[in-house]
Novice: 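Quick one: structure below, then a few questions.
Below, chains carry the letters A, B, ... as their sequence lines are ordered, and counting in each starts from 1.
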2 protein chains.
Amino acid sequence: MTRYISLRKNAAVLELAILGFLYDAPLHGYVLRRHIAALTGHVRPVAESTLYPAIKRLEKAGLLVRATEPGAVAAPRHVLRLTEEGRRELKRRLAEPAQREITDENNWFTLLAFLRHLADPAAQAAVLRRRLAFLEEPTSFFYDGDRPLAAEEVDDPFRRGVLTIARATSRAELAWLRDTLASLDGVGR
Amino acid sequence: MTRYISLRKNAAVLELAILGFLYDAPLHGYVLRRHIAALTGHVRPVAESTLYPAIKRLEKAGLLVRATEPGAVAAPRHVLRLTEEGRRELKRRLAEPAQREITDENNWFTLLAFLRHLADPAAQAAVLRRRLAFLEEPTSFFYDGDRPLAAEEVDDPFRRGVLTIARATSRAELAWLRDTLASLDGVGR
DNA sequence: GGACTGTACATCGGAACCGATGTATACCTG
DNA sequence: CAGGTATACATCGGTTCCGATGTACAGTCC
């Protein structure tokens with residue numbers, strides 16, 4: 001009986017980042033915003049008018065509480081603190097990520113940034129194995145009918161670039177995944 | 001006086017893909033959907049209920065026209081064909097991509113998939129140079145205050161993975177970009 | 001002292017997202 | 001010939017997105 005707080009896909013990653021940052025320490029919205037900008041902002045900036053409603057959603061869902069503090073330099077701050085349910089929800093989202101969080105590199109990186117909060121090495125390894133399975137299934141970007149095309153078969157230099165870069169990424173990640181899984185399994189034994 | 005068809009960010013990439021695929025040949029929605037699924041579907045699936053409204057937007061904007069054909073095996077097909085304005089708009093979007101299309105790898109790959117339609121090598125090179133500039137500015141995912149952290153400085157194995165993978169991707173892409181720019185510049189002379 | 005930048009939040013409203021659901025035809029399989 | 005799958009499109013409606021805009025205070029720069 002899994003409860004979903006948000007229906008939208010982008011919302012899910014944003015909420016994950018909020019929960020992840022707050023897991024370590026209470027923060028107010030402005031600092032949280034800068035943390036998120038540092039993590040993913042160079043790729044996809046997060047608008048203030050997206051962040052603040054997201055915070056409200058999480059508050060409404062009982063995952064965090066807001067405490068108003070007199071503003072040191074500006075308007076009063078709302079210090080955000082995770083509730084027990086918020087901590088549980090973060091762990092649930094880390095342990096059972098949606099498929100999008102596995103397949104989309106942006107989402108996956110956000111998930112990795114907080115995976116350490118899932119203290120159990122076996123649970124962490126299970127998540128990495130989902131990514132491993134995704135990377136191991138042969139997929140391309142370009143097809144001749146149903147047959148995936150290799151970089152060498154593609155004439156267009158730009159499409160070739162896509163395949164070349166994707167292959168390099170995939171190799172580096174597979175190597176890292178296997179290393180990390182080996183050491184996680186070592187801990188578990 | 002640039003006209004924007006869509007305000008949303010995801011919409012812009014989806015529309016780019018539609019215009020890009022139709023540039024080569026007229027297609028009906030179902031085949032278009034499978035093309036898009038092959039290109040980006042393994043990472044971010046596109047829902048039918050997102051695609052069909054997007055087609056309608058482009059039609060309304062005069063970028064494509066629909067011709068109803070009796071369905072060979074099922075319901076009547078709407079064969080989509082770019083108008084002259086649609087062809088111009090694709091080239092405009094390829095030549096002057098939004099910043100998101102440069103920074104977000106998913107969007108960038110979609111753009112690369114169709115960049116050949118921008119026949120002019122100098123214009124193609126200008127787009128690649130924007131990506132080059134983005135990759136060359138030093139950014140990290142994790143910071144100690146304002147100082148970006150290198151992979152070696154990060155304890156958390158998962159965050160280290162993010163940096164390791166990102167670095168490998170970046171290296172591969174920089175090498176490809178420099179190669180490709182060199183050969184594009186060669187053509188232009 | 002006016003202009004600008006940074007801090008710290010908030011609301012509004014039109015646009016887009018997308019799961020669920022519906023309609024219809026054609027083919028294949030047991 | 002019923003049931004499942006593939007083709008081919010469409011609408012509905014709750015949710016989310018996000019640019020524009022507003023409020024307010026503090027520090028900096030010229």
Side-chain angles (χ1 to χ4, degrees), chain A residues 2-18 26-37 40-41 44-61 64 66-80 98-100 104 146, chain B residues 2-18 26-37 40-41 44-61 64 66-80 98-100 104 146:
Chain A
T2 336
R3 281 203 316 129
Y4 289 105
I5 304 300
S6 54
L7 293 168
R8 295 295 290 287
K9 300 301 178 57
N10 286 346
V13 214
L14 177 56
E15 289 171 12
L16 187 70
I18 297 173
L27 298 171
H28 62 276
Y30 193 80
V31 170
L32 184 59
R33 183 166 140 71
R34 285 202 284 110
H35 282 17
I36 292 173
T40 58
R44 289 175 163 253
V46 171
E48 282 182 278
S49 48
T50 302
L51 177 61
Y52 287 111
I55 291 170
K56 278 195 185 166
R57 279 202 301 278
L58 296 178
E59 188 192 14
K60 207 172 158 188
L64 58 81
R66 293 201 283 181
T68 305
E69 260 188 17
V73 284
R77 298 164 160 184
H78 292 177
V79 177
L80 312 171
Q99 194 55 17
R100 164 82 63 103
D104 185 334
D146 277 340
Chain B
T2 337
R3 282 204 314 130
Y4 289 105
I5 305 300
S6 54
L7 293 169
R8 295 294 291 286
K9 300 300 179 57
N10 286 345
V13 215
L14 177 56
E15 290 170 12
L16 187 70
I18 296 173
L27 297 172
H28 62 274
Y30 194 79
V31 170
L32 183 59
R33 183 167 139 70
R34 284 200 286 111
H35 282 18
I36 292 173
T40 58
R44 288 175 164 254
V46 172
E48 282 181 277
S49 48
T50 303
L51 176 61
Y52 287 112
I55 291 172
K56 279 194 186 165
R57 279 202 302 277
L58 297 178
E59 189 193 14
K60 206 172 160 190
L64 57 82
R66 292 200 284 181
T68 305
E69 259 187 18
V73 285
R77 297 164 162 184
H78 292 178
V79 176
L80 312 171
Q99 193 56 16
R100 164 82 62 105
D104 184 333
D146 278 339

Novice: Would you check, one step at a time, whether the test side chain to side chain contact (heavy atoms under 4.5 Å, CB included) holds for B/Leu27 with B/Val79?
Specialist: CA-CA 5 Å; B/Leu27 297 172; B/Val79 176; over 6 Å; no
Novice: Nearest-Å distance, CD1 (A/Ile36) to C1' (C/dA8)?
Specialist: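 Nearest whole value for this atom pair: 15 Å.
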Novice: Tell me whether the side-chain N/O atoms of A/Ser49 come closer than 4.0 Å to OP1 or OP2 in D/dG19.
Specialist: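 No, because none of the side-chain N or O atoms of A/Ser49 sits under 4.0 Å from OP1 or OP2 of D/dG19.
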Novice: Roughly, in whole Å, what's the span from CD1 in B/Ile55 to C1' in D/dT11?
Specialist: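 So the CD1-C1' distance, B/Ile55 to D/dT11, works out to 15 Å.
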Novice: Just to be sure I understand the rule, does A/Arg66 reach a base, reach only the sugar-phosphate, or reach nothing, if contact means heavy atoms closer than 4.0 Å?
Specialist: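 Sugar-phosphate only.
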Novice: Whole angstroms only, please: what is the CG-P distance between A/Leu32 and C/dT7?
Specialist: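 So the CG-P distance, A/Leu32 to C/dT7, works out to 15 Å.
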Novice: Between P on C/dA8 and NE2 on A/His28, what's the gap in Å once rounded to a whole number?
Specialist: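 From A/His28 NE2 to C/dA8 P: 4 Å.
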Novice: Just how far, in rounded Å, is C1' of C/dA20 from OH of B/Tyr52?
Specialist: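 Spelled out: OH on B/Tyr52 to C1' on C/dA20 is 16 Å.
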Novice: Between A/Pro45 and B/Lys56, just flag the one whose closest nucleotide in DNA chain D comes earlier from the 5' side.
Specialist: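 Its nucleotide being nearer the 5' end, the pick is B/Lys56.
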Novice: As an exercise, state the distance from OG1 of B/Thr68 to CZ of B/Arg77, rounded to the nearest 0.5 Å.
Specialist: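 Taking OG1 in B/Thr68 and CZ in B/Arg77, the distance rounds to 12.5 Å.
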Novice: Which residue lies toward the 5' end of DNA chain D, A/Ala54 or B/Arg34, if each is placed at its nearest nucleotide?
Specialist: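 The residue whose closest nucleotide sits nearer the 5' end is B/Arg34.
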Novice: Whole-Å distance between D/dC25 P and A/Arg77 CZ?
Specialist: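 Taking CZ of A/Arg77 and P of D/dC25, I get 16 Å after rounding.
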Novice: Could a donor-acceptor pair under 3.5 angstrom be found where the side chain of A/Glu48 meets the base of D/dC18?
Specialist: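 Checked by distance alone, the answer is no.
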Novice: Apply side chain to side chain contact (heavy atoms under 4.5 Å, CB included) to residues B/His35 and B/Val31 and explain how you reach the verdict.
Specialist: CA-CA 6 Å; B/His35 282 18; B/Val31 170; 3.6 Å; yes
Novice: C/dC18, OP1 or OP2 - any side-chain N/O from B/Thr50 closer than 4.0 Å?
Specialist: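 Result: yes.
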Novice: Over how many whole Å does the gap from B/Gln99 atom CD to D/dC18 atom C1' extend?
Specialist: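 It is 17 Å, rounded to the nearest whole Å.
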Novice: Please round to 10 degrees the angle between the axis of the first five pairs and the axis of the last five pairs in the helix from C/dG1-D/dC30 to C/dG30-D/dC1.
Specialist: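 Terminal axis comparison yields 30°.
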Novice: Mind calculating the distance between CD (B/Glu69) and P (D/dT7) to the nearest angstrom?
Specialist: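 Distance, rounded to whole Å: 17 Å.
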Novice: Of A/Asn10 and A/Val31, whose nearest nucleotide on DNA chain C comes first from the 5' end?
Specialist: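 The answer here is A/Val31.
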Novice: Quick check on C/dC17: is either OP1 or OP2 less than 4.0 Å from any side-chain nitrogen or oxygen of B/Arg57?
Specialist: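 Yes.
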